[in-house]
> 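Pasting a structure below so you can have a look.
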Amino acid sequence: MIRLHNVSKTYHLKGSRDGAPPGVIEALKNVDLHVPQGQIHGVIGLSGAGKSTLIRCVNLLERPTAGSVFVDGQELTGLSGGALNQARHRIGMIFQHFNLLTNRCVFDNVALPLELMGMKRAAIRERVAPLLELVGLADKADQYPARLSGGQKQRVAIARALASRPRVLLCDEATSALDPQTTGSILALLRDINRKLGLTILLITHEMEVVKSICHRVSLISDGELVEEADVGDFFTAPRTRLGREFLNDFLQLEPPRALIERLEAAPGEHTHPVVRLAFSGDAVSTPLISRLARECGVDVSILQAKVESIQERTLGLMIAELIGTSGETARAVDYLETHDLHVEVLGHVQRDD
Ligand code: ADP
Ligand code: MG
């Protein structure tokens, strides 16, 4: 439904007044992305990574410097003027700061794109009423934005984005200005719309919580490049890049105690034992693996931290543990864990106290 092929975006900065030299910013570099119909795809990255540029290239609010953009089978990068405007009716967008018109009531904000399309008043009324119903604001049609909460404003923006019956919804940090509880209710609404209308959603965020709660798939953007893409369950079990692991550790707050980190050595030595981070999902969660590990490999396991998370329909267990035994025993233990569908990462080695 959305396809980006080799998209790059370069900004040329003019020299600033205080004499700084002109510069070139490569905000996107050779981005390939495919979001199938009906999917919720998240793009996560740090501030300045290129997220907003990426999403604005999808509806050509920014025109890519190179590459092509297809939405619903049509190449947007080949269009301009009226044809591009027409194509944009199939793409809705919502923003961090809602972008409502303050001098228009809720109804008239939602009606605006339809007015611009030249739709008759009666038809507009028929279209807007069910949308306000859908977003839970049927009783607020005559209110002005100033009297609404942040969550209600975003609901108006969602109704407005859906007014032209788009096939795709783009969300640029749509919940970043909202408190956690309101964020939850807006994400639930987006999930609901995705299911009811089969709407394809591309959202960008810097929050793992958003990815965890509604995305099917996620891409990681760093310095203008997509560096990792995975199903959300896989990403939360075993991110493949260092940045992915940093996002995950930040989110889970599952880091070894500082005192231990300071003692960690990269290479194993004669009198050291490994500290491992284990991630397990599915059947492994309910199997008594740790006691079996102790029995079958002869190691002692000292659990430093552990937690269980629910991600989509999957249960994910995470643990940081020291494996205590001879180097042969601990190597066998790591093998044993790997063959039992656990993701094992050796964080380092610590000196044995004994
Ligand atoms: P994000 O949304 O991930 O925070 P952006 O896409 O806004 O990142 O920005 C990516 C990079 O492009 C940044 O270095 C930013 O300063 C630069 N940038 C974004 N928009 C413009 C613009 N209109 N002109 C010049 N540079 C820009
Ligand atoms: Mg941004």
Side-chain angles (χ1 to χ4, degrees), residues 2 4-33 35 40-69 71 76-77 80 84 88 91-100 150 153-154 157-158 161 168-178 183 186-187 190 201-212 214-215 217-230 232 235 239 241-248 250-251:
I2 303 174
L4 270 58
H5 180 62
N6 224 358
V7 166
S8 297
K9 175 74 190 181
T10 307
Y11 293 110
H12 294 274
L13 300 180
K14 300 187 190 82
S16 68
R17 249 177 290 160
D18 57 12
V24 172
I25 295 178
E26 293 184 83
L28 293 179
K29 300 170 202 164
N30 304 316
V31 168
D32 285 308
L33 180 70
V35 184
I40 305 182
H41 192 110
V43 177
I44 189 166
L46 299 171
S47 162
K51 302 183 296 296
S52 294
T53 306
L54 172 65
I55 207 158
R56 291 163 66 84
C57 277
V58 176
N59 57 4
L60 258 63
L61 282 180
E62 295 287 355
R63 193 169 271 277
T65 313
S68 39
V69 175
V71 174
L76 299 190
T77 29
S80 58
L84 179 58
R88 281 194 180 126
I91 310 173
M93 187 164 185
I94 57 173
F95 305 87
Q96 181 173 358
H97 297 294
F98 326 124
N99 299 10
L100 300 180
K153 286 179 193 168
Q154 197 57 294
I158 290 170
V168 164
L169 181 65
L170 307 176
C171 311
D172 185 345
E173 300 274 6
T175 55
S176 297
L178 304 174
T183 292
I186 293 294
L187 294 178
L190 291 175
I201 299 180
L202 177 64
L203 65 85
I204 63 167
T205 181
H206 63 277
E207 293 172 310
M208 289 285 275
E209 185 61 43
V210 171
V211 174
K212 178 193 148 185
I214 66 163
C215 294
R217 238 175 129 70
V218 61
S219 297
L220 188 59
I221 187 169
S222 169
D223 204 12
E225 289 181 85
L226 294 189
V227 293
E228 177 163 358
E229 184 183 327
V232 165
F235 183 69
T241 58
R242 191 191 150 135
L243 180 63
R245 285 192 289 275
E246 281 170 10
F247 265 107
L248 184 63
D250 241 28
F251 169 70

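In listed order, ligands and their atoms are each counted from 1. Keep in mind it's a predicted model, so treat the numbers as computed, not measured. Residue numbers start at 1 and run along the sequence shown.
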> Under 4.0 Å, counting heavy atoms only: does Ile221 come that close to any atom of ligand 1?
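It does not; every heavy atom stays at 4.0 Å or beyond.
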> Atoms of ligand 1 less than 4.0 Å from Leu46 heavy atoms?
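Per the distance check, 3 (O).
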> So, taking the atom named OG1 in Thr65 and the one named NZ in Lys29, what distance separates them when rounded to the nearest 0.5 Å?
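Here the rounded value is 13.0 Å.
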> Counting heavy atoms only, which of Gly48, Ala27, Ser52 is nearest atom 12 (O) of ligand 1?
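Looking at heavy atoms only, Ala27 sits closest to atom 12 (O) of ligand 1.
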> Could you tell me the residue and atom name of the protein heavy atom closest to atom 5 (P) of ligand 1, and the distance to it rounded to 0.1 Å?
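Result: Thr53 OG1, 3.7 Å.
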> Mind checking whether the Mg ion (ligand 2) has an N, O or S of Gln96 under 2.8 Å?
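Gln96 does not place any N, O or S atom closer than 2.8 Å to the Mg ion (ligand 2).
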> How long is the gap from CG on Asp32 to NE2 on His5, to the nearest 0.5 Å?
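Spacing of CG (Asp32) from NE2 (His5) equals 6.0 Å.
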> As a test of understanding, state which of Ile204, Leu33, Leu226 forms a side-chain contact (heavy atoms from CB on, under 4.5 Å) with Ile221.
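Looking at Ile204, Leu33, Leu226, the match for Ile221 under the side-chain contact (heavy atoms from CB on, under 4.5 Å) is Leu226.
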> Examine ligand 1 and decide if any of its atoms is less than 4.0 Å from a heavy atom belonging to Gly45.
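Contact check Gly45 vs ligand 1: negative.
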> Donor-acceptor pair, Thr241 side chain versus Gly244 backbone, under 3.5 Å?
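Side chain of Thr241 to backbone of Gly244: a pair is present.
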> Give the contacting part of Ile25 toward ligand 1: side chain, backbone, both or neither, where contact means a heavy-atom distance below 4.0 Å.
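Contact part for Ile25 vs ligand 1: side chain (C-beta onward).
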> Evaluate whether atom CZ of Arg242 has more than 12 neighbouring non-hydrogen atoms of other residues, nucleotides or ligands under 6.0 angstrom away.
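Count not over threshold, so no.
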> If we ignore hydrogens and angles and just use 3.5 Å, is the side chain of Lys51 paired with the main-chain N or O of Gly45 as donor and acceptor?
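Indeed, once roles are kept as given, a pair shorter than 3.5 Å links the two residues.
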> Could you state the interatomic distance from CG (Asn59) to CD1 (Ile91), rounded to the nearest 0.5 Å?
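Going from the CG atom of Asn59 to the CD1 atom of Ile91 covers 5.5 Å.
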> Does atom CG of Asp223 have more than 12 heavy-atom neighbours, drawn from other residues, nucleotides or ligands, at distances under 6.0 Å?
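Atom CG in Asp223 is not packed in, count stays at 12 or less.
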> Measure the distance from atom 23 (N) of ligand 1 to every protein heavy atom, then report the residue, atom name and distance (to 0.1 Å) of the closest one.
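Of the protein heavy atoms, Tyr11 CE2, 3.6 Å lies nearest.
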> Hey, is atom 27 (C) of ligand 1 touched by any protein heavy atom at less than 4.0 Å?
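Given the 4.0 Å cut-off, atom 27 (C) of ligand 1 counts as touching protein heavy atoms.
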> Ser47 heavy atoms, cut-off 4.0 Å: which ligand 1 atoms fall inside?
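Counting from 1, the qualifying ligand atoms are 4 (O).
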> Taking distance alone, with no angle check, do Leu54 and ligand 1 share an N/O pair under 3.5 Å?
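No, Leu54 has no N/O under 3.5 Å of an N/O on ligand 1.
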> Please write down residue, atom name and distance for the protein heavy atom closest to atom 8 (O) of ligand 1.
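Result: Gly50 N, 3.2 Å.
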> What are the two closest non-hydrogen atoms of Leu202 and Ile55, and how far apart are they?
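Residues Leu202 and Ile55, closest heavy atoms: O-CD1, 3.5 Å.
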> For ligand 1, note which part of Leu13 has a heavy atom under 4.0 Å away: side chain, backbone, both or neither.
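Contact part for Leu13 vs ligand 1: side chain (C-beta onward).
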